[in-house]
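Letters go in sequence order (proteins before strands), and every chain restarts at 1. Only heavy atoms go into these numbers, but all of them, side chains included; no hydrogens, no water, no symmetry mates. If you're wondering where the values come from, they're calculated on a predicted model, not measured in any experiment.
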Protein chains: 2
Amino acid sequence: MPEEFPCRTHCPINFALESFGDKWTLLIIRDLMFKAKQSFGDFLSSDEKISTNILADRLRRLEQLGIVSKATSEKNRSKSIYSLTQKGRDLLPIMLEITRWSGKHDPQTHAPDALLQRLEADTPSVITQITAGWDAS
Amino acid sequence: MPEEFPCRTHCPINFALESFGDKWTLLIIRDLMFKAKQSFGDFLSSDEKISTNILADRLRRLEQLGIVSKATSEKNRSKSIYSLTQKGRDLLPIMLEITRWSGKHDPQTHAPDALLQRLEADTPSVITQITAGWDAS
DNA sequence: CTGTATCCTTAGGGATACTG
DNA sequence: CAGTATCCCTAAGGATACAG
């Protein structure tokens with residue numbers, strides 16, 4: 001963890017909280033991981049309506065933490081492309097367990113039923129499927 | 001989710017964030033789940049130094065969300081005993097995946113090495129062991 | 001389109017005194 | 001011991017205008 005972000009303690013739960021324990025960061029990771037979003041404008045268009053200054057701050061922070069990497073689009077030189085690093089992709093099991101928990105406990109949750117059923121039946125194979133395309137990029 | 005806490009969206013990731021996506025709630029759950037803490041004073045004594053008003057607020061909120069339940073100690077009538085409900089205990093897989101992620105990515109993390117190694121080897125059996133005593137209480 | 005900058009409001013939360 | 005009640009301050013964040 002960079003010096004800019006001192007940790008209260010190095011308990012693993014607290015470390016995670018200091019990395020992505022706010023109301024916005026995990027939504028950006030969700031968009032990168034499950035919704036194939038990759039540009040500033042993509043994130044802006046999500047239903048939760050993040051504002052530009054907050055989004056820029058969280059992307060910068062995620063980059064500093066080594067969870068997200070930033071590149072310039074080859075097609076359009078003024079367009080940035082964000083993607084998950086390995087550290088970011090390693091968050092997948094957490095995201096899946098969160099999805100499972102919400103699917104079980106939120107009667108209104110909009111989790112894709114097919115994903116929840118597959119998670120219930122066999123989490124490892126779901127992970128394999130989701131990560132299948134990651135190594136290529 | 002109680003009406004007092006309207007959700008931005010019912011995406012499962014967002015539902016979880018609205019339930020425990022702040023800087024304190026997950027630490028209380030950690031203390032209940034792994035550190036056998038159960039009283040107001042127990043939580044107060046944790047290393048992250050939560051203040052009394054915030055702690056009271058989060059406990060009340062967790063109770064309203066059905067993640068924590070509150071009872072009065074039989075020994076001491078003016079002492080409250082907090083414990084995880086089934087909904088709260090269902091957070092265990094998330095907590096373990098968070099622990100594993102931090103163990104891998106925070107060089108300074110103080111996760112119990114024994115736990116991390118057991119997690120790496122066989123997560124299901126770790127869950128069985130941790131939850132062994134839960135049904136009794 | 002990708003951000004930056006600014007203004008302004010509110011929520012989060014530390015400190016602490018106090019009560020049953 | 002288990003909270004409640006204040007005071008006060010700072011950080012978070014919404015809205016929006018603007019710049020490369």
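Distance CG (A:Asn76) to C1' (C:dG3): 14 Å, rounded to an integer number of Å. Atom CG of B:Asp22 is separated from atom C1' of C:dG14 by 15 Å (rounded to the nearest Å). Atom CD1 of A:Ile81 and atom P of C:dC1 are 13 Å apart (whole Å). Protein atom CD1 of A:Ile28 is 14 Å distant from nucleotide atom P of C:dT2, rounded to whole Å. Rounded to an integer number of Å, the gap from A:Leu59 CG to C:dG3 P is 7 Å. C:dA15 atom C1' lies 17 Å from atom CG of B:Asp57, rounded to whole Å. Taking atom CZ of A:Phe20 as the reference point, atom P of D:dA12 lies 17 Å away to the nearest angstrom.
Using a 4.0 Å heavy-atom cutoff across all strands shown, B:Arg60 reaches sugar-phosphate atoms only and no base atom.
Remark: A:Asp22 engages A:Arg58 in a salt bridge, criterion side-chain N to carboxylate O under 4.0 Å. Look at B:Glu48 and B:Arg30 and you find a salt bridge, because one of the NZ, NE, NH1 or NH2 atoms lies within 4.0 Å of a carboxylate O, short of that distance. Ionic pairing of B:Glu63 and B:Arg60 is not present here: no N-O contact between side-chain nitrogen and carboxylate oxygen is shorter than 4.0 angstrom.
Residues of residues 36-55 of chain B having a heavy atom closer than 4.0 Å to DNA chain C, listed by number: B:Ser51, B:Thr52, B:Asn53, B:Ile54.
The shortest side-chain heavy-atom distance between A:Asp31 and A:Ile28 does not fall under the 4.5 Å cut-off.
Between the side chain of A:Ser45 and the backbone N or O of A:Asp42, at least one donor-acceptor pair lies under 3.5 Å. With hydrogens and angles disregarded, a donor-acceptor distance shorter than 3.5 Å links the side chain of B:Lys87 to the backbone of B:Leu65.
Closest approach of B:Leu32 to B:Tyr82, counting heavy atoms only: CD2-O, 3.5 Å.
At least one side-chain nitrogen or oxygen of B:Lys70 sits closer than 4.0 Å to the OP1 or OP2 atom of D:dG3. For C:dG3, one of the phosphate oxygens OP1 or OP2 lies less than 4.0 angstrom from a side-chain nitrogen or oxygen of A:Ser80. The side chain of A:Arg58 contributes an N or O atom lying less than 4.0 Å from OP1 or OP2 of D:dG13. Close to C:dA11, at under 4.0 Å from its OP1 or OP2, lies no side-chain N or O of B:Trp24.
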